[in-house]
Amino acid sequence: MGILEQFEQWLVNYWPSWAAYLVPPLVAFAILSTFILVVVMAFIYIERRGIGRFQVRLGPNRAGPFGVLQPVADAIKVLIKEDIIPAKGDRWVHWLAPIIAFIPALMIFAVIPFGHGAIFADLNIGILYIIAISSLGIIGVFMAGWGSNNKYSLVSAMRTVAQMISYEIPLVLSIIGVLIITGSLSMVSIVEGQHVPFLLLQPLGFLIFFLAAAAEINRTPFDLLEAESEIVAGYHIEYSGMKFGLFYLGEYTHAFAISAIVAILFLGGWSGPFLPPALWFLIKVFSVFIVLFWLRSTLPRLRVDQLMGFAWKCLFPLALINIFITGIEAIIWPNFPWQLLILNILIAALLIVLWSGFFRVAGERVSFERYGRGIAKGLALTFRHLFRHPITVQYPEQRLTPSRRFRGNLLVWDVERCNGCRACARMCPISIIDIETARGDKGLVVERLEIDFGRCMFCGLCVEACPVEALFMSRDYEKASYRRELLVMKKEQFVAAEKRPSAYAYPELEAEMPPQTLLAPPKGGR
Amino acid sequence: MPLKTEPVMINFGPQHPSTHGVFRMRITFDGEVIVDMEPIFGYLHRGIEKLAESRTYTQNIPYTDRLDYLASMSNNLAYVMAVENLAGIAVPERAEYLRVIMAELMRIASHLMAVGALLNDMGAFFTPFMYMFREREKILDLFEMVCGQRLTYNYMRIGGVSQDIPEEFLPALKRFIDEMLGFIDEYDQLLAENEILLARSKGVGILPAELAINASVSGPMLRASGVKWDIRRADPYSVYDRFDFEIPTGKMGDTYDRYWVRIQEMRQSTRVVKQAMEQLPQGEVRAKVPLTLRPPKGEAYARIEAPKGELGFYLVSDDSANPYRFKVRAPSLINLTVLRDLCLGWKLADAIVIFGSIDICLGEVDR
Amino acid sequence: MVVGLEHFLILSAILFSIGLYGALAKRNAVVILMSIEIMLNAVNISMVAFWRYIAPALMTGQVFVIFIMVVAAAEVAVGLAIIIAIYRSRETVDAEQIDLMKW
Amino acid sequence: METGIAISFWILAAVTIASALAVVLFRNIFHAALFLVLCFFTIAGIFVILSADFLAAAQVLIYVGAIAVLIIFAIMLTRETQRGSPSGRLRLPALMVGLLFLATMVFIVVSTDWQVITEIPDQPTTSAIAQALFSGEEGFVLPFEIAAALLLAAIIGAIVLVRER
């Protein structure tokens, strides 16, 4: 931190003492928050693109090269949106909630070491501080649920509290194994104490922590409080504009924080060969986050009682057992030799196998007795899809060729052939074809023709009804207007319009038209 | 001294992401347990049955597209069969086979939609939905190739189908059918053993066979309850008696069985399409029937096994060009009648899943 | 102005009095419970202040605070359980209406 | 450093007292509960000033994270928000008792000659607390165990009380 020290020296020399006391933390805080925001935006981008690829979609790719500016675009959109406060909501609570939900997530980063000495404050109670601070966020969520004066929000708020209280316990207990080994609460000494990543030395603790943390930051399959299929969006249903933006940002900041904590506690933090420490740290953080949204893109959501049952019947006792085992190991092998990891992995596997036998669903032992094999298969499948070609296209640039019989949203009228028999008008199920004819030299002549394409449902019956092959469906698509009357086509427009007839009801026209683009391509994948 | 808590009433819908349209459930729940529920529908009522009385028989075909808009081909088929029964029209054999192919493809597409939406209701973040939409898209491509539209096909005509298939249709269909089994296996890999899906659906919302029969429930819901009743077999129409396929039935009648039956039916449908493709004869696809048809006085009912259940059209003719009475036996509506019985006592989240597993289409419920 | 022991003790006394007033004057049982929590916190402050200014070598003050926290947690759990049980049967948490020993 | 502590103390003390007053004076019980959270949080800040860092974290964890949330939960479950938190008949006597108590305490605090140790304990307190809690002779092992038993009893008691029969 050479630059920061020089800066501090300069402050001490030329500024009053209180400034020297106050400015460096503020500067460090500004740098830190900027960095966090950048990483969070990267998270949002990566998640949206990543889930897109898991779902064989493209994902956002418009704003900037490869869509990297999408989070910025989102932010701008969110900033300029109207801010709505529910009429009977609790104004102040509603206003404060997003701030209270966001600030703790940011505060966690005060004790996260990004590298050697790259830490805002190396508290000796670091991990305890994190746990304490992250429990504050619930209050914000809760206030949001309450202040919105909405029953969905209220249900969400109730779920929040129940879920947070339940998952806080295994979360804290699973850390204790790590703390027993390192003998320190400081994040820096936890990283320095890891000669073997604790993922291997504490596999059970890692699993419990990871799952409990996923619940803590409301990631699938534990995202009950914003379950969009049940309670629509839960606590932030009534939020818009920047307040919603703060919740969104807070959620991802929290996800970043949790990924960082997992990286520090179980993956060895910044340590790693060859690459610079900060890079190693970021790689680990991003890998954890990728796993989080990989799970999100694969798994359905648990029900609320299953969620609680999972915390209390599965994670909680396993966390206690983990502490017990680690304690015994600490007495027998105080130095925790790396050979212990074989034993620990075996114990973890055994415990998971034993424990999963307890779970019954509908009286049948169906659910967890396969030790998550079904989930693993699903994860493998989504992972394979990550490398498949996306099936969606970028619409205005890449256009699919419609069918040769495509019933486009216009009609093509051949005025030469039309004999004014009005068969089309009679056939139209919604009577939108308006024809007036007059007697001319060679039979009837159409004087007035009006078709309202704002109402037309393109059933094609008029074309089929035409006895003289004067009416065709067109192959045009994309017809829109801001004014309804512009969608009504008159005789002159029909005559002047570019004629692109489709082969609907005229199979003999098909030969010279381009073949339709199919999603099932001739061979291989598209 | 019994402890009691205060029940809360909450409105699900009509605008709600998992009501599959504009459907409304008034749910009273205690904690998270449903103690009462009242389904309210009619938000999408367009009076199609009445509208049909002032339109000719042919003009009504596009209207049937808009009943169950996820299975328009099936609606077309049931309706034109009713008119053919009414007027006594014989359909060319090739048209019958084409109709079967379309109806079975439609069944696959509709089931894909049902299962995908069900998984979404369970909270899967659109992944199964997207995968299933990918396959549905291929079916829509095929339909577009045949009739030029992707949703409201208006393909069947009284006395056949509107036009013959183009020459590239059969190879494309064959390719799709060959791929499809592999994709269904993929769904199985993603879903069938997923512990969370099992936990959410096993034993949830059990529909006993007796209740299902008494409530006149039909289609995959009925078969999931263990009743082997499929109109394709029980009362064969079109050329279904020439195909070899099985009728999958569930054991418990829970949400999982309803999911499972739909997946199995997709496999069977591919079998039917394959056989129909092989047996497809040459010839006319449309009997000589005037576009403005005047069937003799009388009444007729035709029913088919639509993707959602028994779809029937009851027509009364008074010797004019318009039907005197046009009645739809809508499977979605009738299957929905058991919703309250299925949901009582379950959690809020289960109600959504049970509702999703019924697989309704509001266009058909409200008509 | 240097902050000393007296400041913390007086702060603690003020908090305790506020809690006392709330516990005596309020009718809502949950608010009474909240007032009691404020009183316990006031005691915690004075404990820590005594540790800091009188006996920093002995950790007894802090250990006591920990025990107070444990007791407070237990108290809140049981107290709220009682309040909810009462609410379910009487549909009120008004302390002045919950005056029967038995019902 | 001293000035910093003094400024922090005055701010924290003012917020603590204001929020404590809000807890007992506000009629909206949900707002009262939120101010209780604020009060707990500032008290954690006061612990930091008193260089009891472990206790500050524990304060936030236990009081804010658990107790306050439980209280808010209870408020939602009892749905007493419409009635608010009115004062009872004992308002004036309670005020008198409170003021009397405050006066006594202030008098005692001011009149006592405290044996203040000036040097600042600047060591981390976590291990010291652990030593004090678990050391053999003058430790608090038995009270610690009893506290554990108390918590267990409280949990079981709470579950039994609120269980739906």
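Atom set for the values below is all heavy atoms of this structure, side chains included, hydrogens, waters and symmetry mates excluded. Chain naming here is simple, since letters A, B, ... match the order of the sequence lines and numbering starts at 1 in each.
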Please tabulate, for the side chains in residues 56-75 of chain C, all donor-acceptor contacts under 3.5 angstrom to protein atoms that are two or more places apart in sequence or on a different chain.
none

So which of Asn41(C), Leu24(C), Val76(C) has the largest heavy-atom pair count under 4.5 angstrom toward chain D? Asn41(C)
Rounded to the nearest 0.5 Å, the CG atom of Leu33(C) sits from the CD1 atom of Ile83(C) at a distance of 5.0 Å
Segment of Phe140(D) engaging chain C (4.5 angstrom heavy-atom cut-off): both
Identify which part of Leu15(C) has an atom lying under 4.5 Å from any heavy atom of chain D, answering side chain, backbone, both or neither. side chain
Contact part of Leu80(C) toward chain D, heavy-atom cut-off under 4.5 Å: side chain, backbone, both or neither? side chain
Which atoms of Leu95(D) approach chain C - backbone, side chain, both or neither, heavy atom under 4.5 Å: both
Would the distance check show the side chain of Ser12(C) and the main-chain N or O of Ala42(C) forming a donor-acceptor pair, the cut-off being under 3.5 Å? yes
Which bit of Leu70(D) comes within less than 4.5 Å of chain C, counting heavy atoms only: side chain, backbone, both or neither? both
Which one of Leu55(D), Val106(D), Ile62(D) has the most heavy-atom pairs closer than 4.5 Å to chain C? Leu55(D)
Using a cut-off of under 4.5 Å for heavy-atom pairs, which of Cys39(D), Pro143(D), Gly157(D) has the most such pairs with chain C? Pro143(D)
Could you look at Leu5(C) and say if it's the side chain, the backbone, both or neither that has a heavy atom under 4.5 Å from chain D? side chain
Let's test your reading of the structure: which of Ile32(C), Ile54(C), Ile10(C), Val30(C) forms the most heavy-atom pairs below 4.5 Å with chain D? Ile54(C)
So which part of Ala52(D) gets closer than 4.5 Å to some heavy atom of chain C, the side chain, the backbone, both or neither? both
So, the part of Thr104(D) with a heavy atom under 4.5 Å from chain C: the answer is neither
Residues which pass side chain to side chain donor-acceptor pair (under 3.5 Å) with Ser19(D), listed by chain and number, not counting sequence neighbours: none
Would Phe8(C) and Phe50(C) count as a close aromatic pair, with their ring centres under 6.0 Å? no
Among Ile155(D), Leu151(D), Leu92(D), Leu100(D), which has the most heavy-atom pairs under 4.5 Å with chain C? Leu151(D)
Max heavy-atom pair count under 4.5 Å with chain C, selected residue of Met96(D), Met105(D), Gln59(D): Gln59(D)
Contact leader toward chain C among Phe101(D), Tyr63(D), Phe47(D), where contacts are heavy-atom pairs under 4.5 Å: Tyr63(D)
Part of Val78(C) within contact of chain D (heavy atom distance under 4.5 Å): both
With only heavy atoms counted, which part of Ala68(D) is less than 4.5 Å from chain C, the side chain, the backbone, both or neither? neither
